[in-house]
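Just below is one structure, and these are the notes that go with it.
Computation of the quantities below employed the complete heavy-atom set of this structure, encompassing side-chain atoms and omitting hydrogens, waters and symmetry-equivalent molecules. Predicted model, so just to flag it, every value in this text is computed and none were measured. In the text below, chain A, chain B and the rest are named by the order of the sequence lines, each starting its count at 1.
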There are 2 protein chains.
Amino acid sequence: MSAALSKGERTRADIVECARRLFYEHGYDGTSFSAIVEASGLVRGNIYHYFKSKDDILKAVVAQHLDEFSALLARWERESTDPKQRLLAFIDMVTGRRNDLVKYGCPIGTLNSELAKDRRDLQQGARALFDLFRTWLAARFTEMGQPPAAADALALHLLGRAQGIALIAHVYRDAKLLQQETAVLQDWVKQL
Amino acid sequence: MSAALSKGERTRADIVECARRLFYEHGYDGTSFSAIVEASGLVRGNIYHYFKSKDDILKAVVAQHLDEFSALLARWERESTDPKQRLLAFIDMVTGRRNDLVKYGCPIGTLNSELAKDRRDLQQGARALFDLFRTWLAARFTEMGQPPAAADALALHLLGRAQGIALIAHVYRDAKLLQQETAVLQDWVKQL
DNA sequence: TACAAAACAGGATGATCGTCCTATTATAAC
DNA sequence: GTTATAATAGGACGATCATCCTGTTTTGTA
């Protein structure tokens, strides 16, 4: 087991977790610093002891997302050696998270979409979340015998399909639509 | 020719056009009332003479979008009677607007995505833009002999694919990716 | 030319934003 | 127990936000 967290480290993690949830549910701009203060139960000064700005909190949130999704990808690689099964595990994540996806959209897609308009500095960091999946998916297509360029194209295709599904389901707040479209995507993977 | 606009009607249209551009480029929340004031060259009081709130301006912007896209759909119906050709006209719109799509994302998708998180009241109105395309696309699939439910599913599928492509291209700011993926989508339509 | 309505003008207002500041208290090493 | 550092505390600050308010000017019509 890894070393226990000190009190400060725990507080820091609490702040990041609160912010992660708020940013996801209300967006980055839609979450005020005061909202983080209230949700965390801490006081303004204390939060600024751990982070020098709200932007800085977002960077920590993105880093946490990267950690968690990396762990997820590693798990999918452990659970199966068949590239197709691994791709299906990716789609299973979408269906498994359907309730949150319908309510708040894709955490990666909506974050990048928001930041891409006016916060390109922050979006550059958030794009790493896309790159993580893009690279991993491409590796699966490579396992299936695709040359590098085609593997990357297929990875982006699958990523785009998933994003489109999440967006439509979010806009219409409809889990049935999400199920319906992920089924189509599963068929696409199976017949590759 | 339609009746000329009165001075007031022209001013009102100017405000809507300024706001439309700003909302698209910077998002709704990212556009301050002051920004609309400066871009339009008018003064605060005058804008409030035409619209009772910023939300009200957005509603007018959505209405203008509805008008323009309706006209576009009508044009595609005039330009071809073949349902496949009409669907391809839809995809051609995506490639034709690639520069703006890469810079600012899809005007319909990014607007709905932003509003869906915390402004569901406004998003309900903006969703009409999705419905417009959804209905029109479904009518094309109906023309191709699909029963109503399947036609609607195919329409949403195509809409979702287009949204996914726009999102990926926007996040990566890459027009090449957009071209590459629209080509795949064109092939899908052609082999229907 | 008189007059009512529309259009234009721009400062005032209170709320909220992210950030900063100086204290006070808790912790840990010596 | 002394001391330095980390953690907690919370009000102050200036900027910006959307909206409101009371005027003045222009326009259209009789």
For the atom pair CD (A:Glu68) and CG (A:Leu132), what is the distance rounded to the nearest 0.5 Å?
12.0 Å
Can you measure B:Leu42 atom CG to C:dC8 atom P for me and round it to whole angstrom units?
7 Å
Parallel, tilted or perpendicular: ring planes of A:Phe130 versus B:Tyr172, cut at 30 and 60 degrees
perpendicular
In whole Å, what is the span from the CD1 atom of B:Ile15 to the P atom of C:dA7?
10 Å
Under 4.0 Å between a side-chain N or O of A:Thr11 and OP1 or OP2 of D:dA7?
no
Enumerate the protein-to-nucleotides 10-19 of chain C contacts in which both atoms are nitrogen or oxygen and the separation is below 3.5 Å.
{"residue": "C:dG10", "atom": "N7", "partner": "B:Gly45", "partner atom": "N", "Å": "3.3"}
{"residue": "C:dG10", "atom": "O6", "partner": "B:Gly45", "partner atom": "N", "Å": "3.3"}
{"residue": "C:dG18", "atom": "OP1", "partner": "A:Phe33", "partner atom": "N", "Å": "3.4"}
{"residue": "C:dG18", "atom": "OP1", "partner": "A:Lys54", "partner atom": "NZ", "Å": "2.8"}
{"residue": "C:dG18", "atom": "OP2", "partner": "A:Phe33", "partner atom": "N", "Å": "2.5"}
{"residue": "C:dG18", "atom": "N7", "partner": "A:Arg44", "partner atom": "NH2", "Å": "3.3"}
{"residue": "C:dT19", "atom": "OP2", "partner": "A:Tyr48", "partner atom": "OH", "Å": "2.9"}
{"residue": "C:dT19", "atom": "OP2", "partner": "A:Lys54", "partner atom": "N", "Å": "2.8"}
{"residue": "C:dT19", "atom": "O5'", "partner": "A:Tyr48", "partner atom": "OH", "Å": "3.4"}
{"residue": "C:dT19", "atom": "O4", "partner": "A:Arg44", "partner atom": "NE", "Å": "2.6"}
{"residue": "C:dT19", "atom": "O4", "partner": "A:Arg44", "partner atom": "NH2", "Å": "3.1"}

Donor-acceptor contacts under 3.5 Å from residues 88-99 of chain A side chains, at least two apart:
{"residue": "A:Thr95", "atom": "OG1", "partner": "A:Asp92", "partner atom": "O", "Å": "2.9"}
{"residue": "A:Arg98", "atom": "NE", "partner": "A:Thr95", "partner atom": "O", "Å": "3.0"}

State, without any angle test, whether B:Gln85 and B:Trp76 hold a side-chain donor-acceptor pair at a distance under 3.5 Å.
no
How many Å lie between CZ on B:Arg12 and P on C:dC8, as a whole number?
13 Å
Starting at CD1 of A:Ile47 and ending at P of D:dG10, how long is that distance when rounded to a whole Å?
13 Å
Can a donor-acceptor pair be found between the side chains of B:Tyr50 and B:Asp14 at a distance below 3.5 Å?
no
Roughly how many Å is it from CZ in B:Phe51 to C1' in C:dA6, rounded to a whole number?
15 Å
Taken to the nearest whole Å, CG/A:Asp118 to P/D:dT16 is 15 Å
Is the phosphate of D:dT8, meaning OP1 or OP2, less than 4.0 Å from a side-chain N or O of A:His49?
no
Taking atom C1' of D:dA18 as reference, at what distance in whole Å does atom CG of B:Leu122 sit?
14 Å
What is the distance, to the nearest angstrom, from the CG atom on B:Leu58 to the P atom on D:dT19?
12 Å
Looking at A:Phe33 versus A:Tyr48, is the centre-to-centre ring distance below 6.0 Å?
yes
